[in-house]
Amino acid sequence: MAANINNSTSSNYVSKKQKLRKNVHPFMGVTRTKRTSKVIRFNDSNESDLVSEQSLKEKNVVTYKSLKNRASDLLKMRKTLPVYQNKREIMTYIESNPVVVLIGETGSGKSTQIPQFILEQLYGTKKHGSIAVTQPRRVAAINLATRVAQEHGCKLGDQVGYSVRFDNMTTARTRLKYLTDGMLLRELMMNRELKEYSVVVIDEAHERTVLTDLILGFLKSLIQGPRPDLKIIVMSATLQAEKFSEFFNNAPILFVEGRKFDVKQYYLKAPTDDIVDAVIRCCVQINQCEQLGDILCFLPGQEEIDKAVTIMEKIAKYVADETPVPLIVPYPLYAALPPIQQALVFAPIKGFKRKVVFSTNIAETSVTISGVKFVVDSGLRKVKVWRHQLGLATLLTVPISQASAMQRSGRAGRESEGKSFRLYCESDYLKLPKQSEPEIARSDVTSPVLMLKRYGINDLLNWTWFENPGKDAVLMALQELYELGALNTRGKITKRGEQMALLPLQPHLSSVLIKASEVGCLSQVIDIVSCLSVENLLLNPSPEERDEVNERRLSLSNAGKRYGDLIMLKELFDIYFYELGKSQDSNSERNDWCKGLCISVRGFKNVIRVRDQLRVYCKRLFSSISEGNEESKKIGEDSEEISKILKCFLTGFIKNTAIGMPDRSYRTVSTGEPISIHPSSMLFLNKSCPGIMYTEYVFTTKGYARNVSRIELSWLQEVVTNGTAVAKQKISSSK
DNA sequence: GAGCACTGC
């Protein structure tokens, strides 16, 4: 059953008056579209601080009356939203069905309005319970809650609040809670039936993250079992509705059109084999033939982006000299870029210039750049694909899906009409898969499986998976968990497994922490684990600075030089935390220090937050830990102490070890495959390790070990874990 | 001699 709420065709979303008036001539008397004040949203976790600090200030100033005034002002704008205009019809469906799938395009207002409609209804019928709205990203949850609180006329955290890691803005009065997928899963672990909620809204379900998929599975088992009264709304931006609908017993699908501008599509006549060259040519052509407006180019990875930026910097001047066209100013954008460089992308450009941003997929969902009128799409992206049998991740460049291509094109139509140039043929576009392969189908599911075991699921292969990751994946995860001591031979969760499931870490790292608590080096290990669980802590220096930065990092880590990256992280942490943290002006001192070593300032702040959280959890979980574990400690160069720490890591990563060969290459202990130390490692140039242990094994051009430590071969026998062959047999027979 | 993107009581 499907209901199309608006009559107009879906291809033309824009009403006449919304359409931009045509510019007189592209380069004479240019009428540039006015930039909206600040549309930039970046996934900066500091932003959560800003929001909460701001709201704290507001608490003191803002009166009840001014909140209500503001809300009634906003109501006028709300009423123009497509979702609002179909409020009654949407609510009729929601009231009369246990599950509703709602397809709302960008700008439909679904994420802000639908939850409020439900809230009104809850108030109206005097029903108990509250509403949970999940988001894949933290910033989204915070921003939505902030906005909706204003619209609702309340202080943030009052009736409307949010809950994300490190930041909880809810009170006992909160009835509408925006939260990350991960947070709702945590709540599920604590409160199996989600009794607190009468409605759960899954937003951005089309993104199909592992965590969203898991929530869908849990919700289905809840409504089929102990919570038949729980109302579920699945919201998605793309037309992948059938799968959601079928999963929930053919739930009705509602379509709400969005408010976005027309984007005209262009394709190549013949395919290209040099994508960087094609992107450059396309940008130059746009610059010569189209009106002013910025260009956003999607390329698969950093390598292509850096190449494109270099070429563009060289030719921009000549292109602009030749003809009276704007000067092209190229910018790179990817996650591992230092934040200062990332910020440049968002600053408006002045003068007769055209900003060209070469970006990875980060600009597809996580980041919005204002002023973009043209999109150039390589049709490629990089994905991490987990190989269960090999226990390694491969990084592959693959064609995108049609949904992804549409999403990329849509980036040209955020503020006005735009154009999208796809650097592939239309016939090839039609051959692309409709949707990208969901993440769970290409991921390591050790962590999800542990979560399910903790929840008490025995028959994992027949659980209510929204997307079953497959027998291989589940069996490998079970074996892995058995080897980590999280499951017993019958596949039941152990006490150790319970502890692992409660720590906000991947199971391997949880297992390392538990070991550390047993042998009395918890504090040091927590510091290292905190560093490991923050992405992009050590940024990639530009090629010119590379050697210098590496040299500086090496000179600071005396023990790290010999023992590798884990110990180096601890040494860097110690400098940041103990030495730089003491001074009067510790903040600017720390910032300068990070800058010189090409370390993310934001990253280290997150390390501290993770560390604080882990210390609290550990205190609660390991009540019997020995004294001395509690106090924080700097690491020295005592080899006994370092060995003890590395052996803790070995209990979690015993599989990730390799032995040094006479020709100075390494071969993995488990499969005998050749493996190389990643060039980003401290030990890259060190040719004298008898063995290595690594926390990550990635295959790109060849097999690379990342986060590498030196180990002695004798340690491999010292560290006792559950046997491999027996485990596999027992687990598969007991299922 | 190299680095898709997110996220956790």
Side-chain angles (χ1 to χ4, degrees), chain A residues 43 45 134-141 163-168 170 179-191 204 207-212 214-215 298-306 332-337 359-367 378 380-385 393-398 400 404 436 439 442-443 447-448 450-451 454 500-507 509-510 533-543 546-547 550 598 606 609-610 613-614 616-617 620-621 676-681 684-685 696 698-707:
Chain A
N43 272 333
S45 37
T134 69
Q135 294 293 323
R137 281 169 291 279
R138 288 207 290 244
V139 219
S163 170
V164 300
R165 192 180 188 185
F166 309 126
D167 195 2
N168 186 348
T170 59
L179 72 179
T180 46
D181 297 326
M183 216 56 166
L184 187 68
L185 279 169
R186 287 285 146 185
E187 290 191 5
L188 260 162
M189 294 297 110
M190 297 298 116
N191 170 8
E204 313 286 8
E207 288 192 25
R208 301 293 312 277
T209 67
V210 172
L211 302 184
T212 310
L214 285 175
I215 289 176
F298 286 99
L299 281 163
Q302 185 180 336
E303 192 188 337
E304 293 84 358
I305 289 168
D306 288 341
L333 179 63
Y334 42 81
L337 207 62
S359 171
T360 59
N361 242 358
I362 193 172
E364 195 179 301
T365 46
S366 308
V367 150
S378 66
L380 299 170
R381 64 170 184 150
K382 277 197 173 176
V383 282
K384 212 172 197 174
V385 179
T394 47
L395 204 51
L396 305 171
T397 302
V398 296
I400 58 172
S404 182
S436 310
E439 200 188 355
R442 52 181 173 83
S443 300
S447 203
L450 178 61
M451 202 180 274
R454 166 91 213 310
M500 284 166 61
L502 294 179
L503 286 164
L505 294 168
Q506 64 164 114
L509 288 175
S510 299
S533 56
V534 167
E535 283 287 305
N536 295 318
L537 178 64
L538 301 187
L539 301 162
N540 308 323
S542 61
R546 199 178 57 197
D547 291 339
N550 281 345
C598 208
N606 282 332
R609 297 208 275 190
V610 175
Q613 192 182 37
L614 289 178
V616 171
Y617 279 35
R620 240 185 275 159
L621 281 176
S676 309
I677 295 176
H678 195 272
S680 65
S681 170
F684 178 63
L685 297 170
E696 216 185 335
V698 195
F699 195 96
T700 50
T701 48
K702 54 179 175 174
Y704 282 110
R706 307 197 63 178
N707 292 323

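If you're wondering where the values come from, they're calculated on a predicted model, not measured in any experiment. First the proteins, then the strands, lettered A, B, ... as listed; each starts at 1.
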Look at the side chain of A:Ser366 and decide which nucleotide, out of B:dA5, B:dG8, B:dG1, has an atom nearest to it. B:dA5
Output for pair (A:Met189 CE, A:Leu502 CG), nearest 0.5 Å, gives 9.5 Å
Starting at CG of A:Leu184 and ending at P of B:dC9, how long is that distance when rounded to a whole Å? 11 Å
Considering every strand and a 4.0 Å limit on heavy-atom distances, what is the contact class for A:Leu211: base, sugar-phosphate, or nothing? nothing
Quick one: do A:Arg137 and A:Glu207 make a salt bridge, cutoff under 4.0 Å? yes
A:Thr180 near the nucleic acid: base, sugar-phosphate alone, or nothing, with a heavy-atom cut-off under 4.0 Å? sugar-phosphate
Whole angstroms only, please: what is the CG-C1' distance between A:Leu299 and B:dC4? 12 Å
Using a cut-off of 4.0 Å on non-hydrogen atoms, how would the nucleic acid contact of A:Met189 be classed: base, sugar-phosphate, or nothing? nothing
If you compare every side-chain N and O of A:Arg138 against the phosphate oxygens of B:dG8 (OP1, OP2), does one of them come in below 4.0 Å? yes
Between B:dA2, B:dA5, B:dG8, spot the one nearest the side chain of A:Ser447, thanks. B:dG8
Indicate, with a heavy-atom threshold strictly under 4.0 Å, whether A:Tyr617 touches base, sugar-phosphate, or nothing. base
Quick check for you: among B:dC4, B:dC9, B:dA5, whose closest atom lies nearest to any side-chain atom of A:Gln302? B:dC4
Contact class for A:Leu185 (heavy atom, under 4.0 Å): base, sugar-phosphate, or nothing? nothing
Working note: A:Glu304 + A:Ser378, criterion side chain to side chain contact (heavy atoms under 4.5 Å, CB included); need CA distance, chi angles, decisive distance, verdict. CA-CA 11 Å; A:Glu304 293 84 358; A:Ser378 66; over 6 Å; no
So which one's nearest nucleotide on DNA chain B is more toward 5', A:Ser680 or A:Gln613? A:Ser680
Heavy atoms only, 4.0 Å cut-off, all strands: where does A:Asn361 land among base, sugar-phosphate and nothing? nothing
Qualifying residue for ring-ring contact (aromatic ring centres under 6.0 Å, His included) with A:His678, from A:Tyr704, A:Phe684, A:Phe699: A:Tyr704
Let me know the distance between CE of A:Met183 and P of B:dC6, rounded to the nearest Å. 19 Å
Ionic contact status for A:Glu439 with A:Lys384, cut-off 4.0 Å: no
What's the closest nucleotide to the side chain of A:Pro679 if the choices are B:dG1, B:dA5, B:dC9? B:dG1
What is the distance, to the nearest angstrom, from the CZ atom on A:Arg165 to the P atom on B:dC6? 16 Å
Output the rounded distance in Å from CD1 (A:Ile215) to C1' (B:dG8). 11 Å
Looking at A:Val385, is its backbone amide N or carbonyl O close enough to the side chain of A:Thr394 to form a donor-acceptor pair, meaning the two atoms are under 3.5 Å apart? yes
Over all atoms of both residues, closest heavy-atom pair of A:Pro504 and A:Gln613: CG-OE1, 3.8 Å
Classify A:Leu396 by what it touches in the nucleic acid, base, sugar-phosphate, or nothing, heavy-atom distance under 4.0 Å. nothing
Residue A:Asp547, side-chain atoms from C-beta onward, closest of B:dG8, B:dG1, B:dG3: B:dG1
Measure CG/A:Asp167 against P/B:dG8 and give the value in whole Å, please. 11 Å
Reckon A:Gln135 touches a base, only the sugar-phosphate, or nothing at all at heavy-atom distances under 4.0 Å? nothing
Could you state the atom-to-atom distance from CG of A:Leu337 to C1' of B:dA5 in whole Å? 15 Å
Indicate whether OP1 or OP2 belonging to B:dA5 is found under 4.0 Å from a side-chain N or O atom of A:Tyr334. no
note: A:Phe684, atom CZ; B:dA2, atom C1'; distance rounded to Å ~ 9 Å
Among B:dT7, B:dC4, B:dC9, which nucleotide sits nearest the side chain of A:Lys382? B:dC4
Using a 4.0 Å heavy-atom cut-off across all strands, classify A:Arg208 as base, sugar-phosphate, or nothing. nothing
Any side-chain N or O of A:Thr360 under 4.0 Å from OP1/OP2 of B:dA5? yes
Would you classify A:Arg381 as touching base, sugar-phosphate or nothing, given that sugar-phosphate means primed atoms plus P, OP1 and OP2, and contacts are heavy atoms under 4.0 Å? nothing
For a quick check of understanding: with a heavy-atom distance under 4.0 Å over all strands, which category does A:Thr700 fall into, base, sugar-phosphate or nothing? sugar-phosphate
So A:Leu539, base contact, sugar-phosphate only, or nothing? Heavy-atom distance under 4.0 Å. nothing
